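Everything below concerns the one structure shown next.
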Amino acid sequence: MNTSNRNQQAAKLSDLLLSWYDSERRILPWREDPTPYHVWVSEIMLQQTRVDTVIEYYQRFLRELPDVKALAEAEEERLLKLWQGLGYYSRIRNMHKGAIQVMEEYGGEIPGTPKELQKLSGIGEYVAAAISSIAFAYPIPSVDGNLLRVYARMTGYEESIRTTAARKVATAYYEEILDRTRPGDMNQALMDLGATICLPNGAPLCGKCPWQMHCEARRTGKEQQLPVKEEKKQRRKEKRTVLRIRTGDRVVIGKRPERGLLANLYELPNAEGWLTEAQAEEACRTLGYEPKAIRKLKPSKHIFSHVEWHMHAFEIEAEERPDASAAENVFFAAEKSALQEEYSIPTAFKAYMDF
DNA sequence: AATCCGGGGAT
DNA sequence: ATCCCAGGATT
């Protein structure tokens, strides 16, 4: 079981961890049939996103796009719709590119080494290690937030874990412990340990931890102090005004730019600052719609990772102006049913999508 | 090395 | 309110 060139302590740690994993591991959809494609999809969805949130998205995604070929051939609009509400939308746009790379450059076969995987769009050091270890049994640790936290506590690491240096020493640590016969299980066991035992924020459940007798933070009573957190930058606050322009049973929406926040998603017309009724009506005319009636909607707030939108909003009953030169206008009137089924509209507008 | 990029659940 | 989550791309 233990390879000869690993020291005894490393072998003991991996055995403890894998035994715990064999009885306590989480049952998750992407673990049922961990093909490279399945693992890939799950790892992209799970970036900065909780397991409970991902499960339903994962199942629907695989139902509609069962293999890398289907993904490569899909329209981006459809992908964004499947991703709607999940956040970090560039993830799926990058994965789409990656799938096309697999079809064009790898003959449709997802590569199995970290080096080749990392050439694919949207796959970085972590995901490359995760896919290669879980789907190909390639012996490499996949160091995510869980592994960094577990590392800091296990070794009593007193520096910030959000640095390149921390990732480097943590990777070396797990390289040493790694059971090279079960690399995928090692990584998933560490993620489960971090997610269910070695919890962030508040008290970890050390009494249930397979490594409790070997943990430096536990020994020194620093479970709550570690890992060391870096100060978070404050979010900037932005005032915006959202317009819900209705023409009969249609509503005006537009496609956002292909770069930046919420790239390529659809939105209600909106502007910087808090507009007056007169300014809102003028903005409406600029879009090619003549306002007939206007009323204030309830203000709302949406928090992104790095910015807050403090939104005012108006509903405007309007008529499309035949003279309006809609040629260069990205905004158009969409059917209500298409809003549900076709266009991907981010959660930021949710407060104004109920009508 | 910093900054940008979403959304939601737990505390 | 604050934290932070199975991070990667861009600058």
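Proteins come first, then strands; the chains are lettered A, B, ... in the order of their sequence lines, and each starts at number 1. A quick note: this is a predicted structure, and the numbers were derived from the prediction, not measured.
The base of B/dG6 lies close enough to the side chain of A/T49 for a donor and an acceptor atom to sit less than 3.5 Å apart.
Remark: the separation of the C1' atoms in C/dC5 and B/dC5 is 15 Å, to the nearest Å.
Between A/T164 and B/dA1, a side-chain N or O to OP1/OP2 separation shorter than 4.0 Å is present. The phosphate of B/dG7 (OP1 or OP2) has a side-chain N or O of A/Y89 nearer than 4.0 angstrom. Here A/H306 does not reach the OP1 or OP2 of B/dG6: none of its side-chain N or O atoms lies under 4.0 Å away. Taking side-chain N and O atoms only, A/Q48 has a distance below 4.0 Å to OP1 or OP2 of C/dG7. Here A/K350 does not reach the OP1 or OP2 of B/dG6: none of its side-chain N or O atoms lies under 4.0 Å away. The side chain of A/R162 places an N or O atom within less than 4.0 Å of a non-bridging phosphate oxygen (OP1 or OP2) of C/dC4. Neither OP1 nor OP2 of C/dT10 sits under 4.0 Å from any side-chain N or O of A/R259.
Here A/Y138 is tied into one hydrophobic group with A/I140, each link being a pair of ILVMFWY side chains closer than 4.5 Å.
The distance between atom CD1 of A/I303 and atom C1' of C/dT2, rounded to the nearest whole Å, is 10 Å.
Interatomic distance, A/M191 CE to A/D144 CG, rounded to the nearest 0.5 Å: 5.0 Å. Taken to the nearest 0.5 Å, the CD atom of A/Q212 stands 14.0 Å off from the CZ atom of A/R153.
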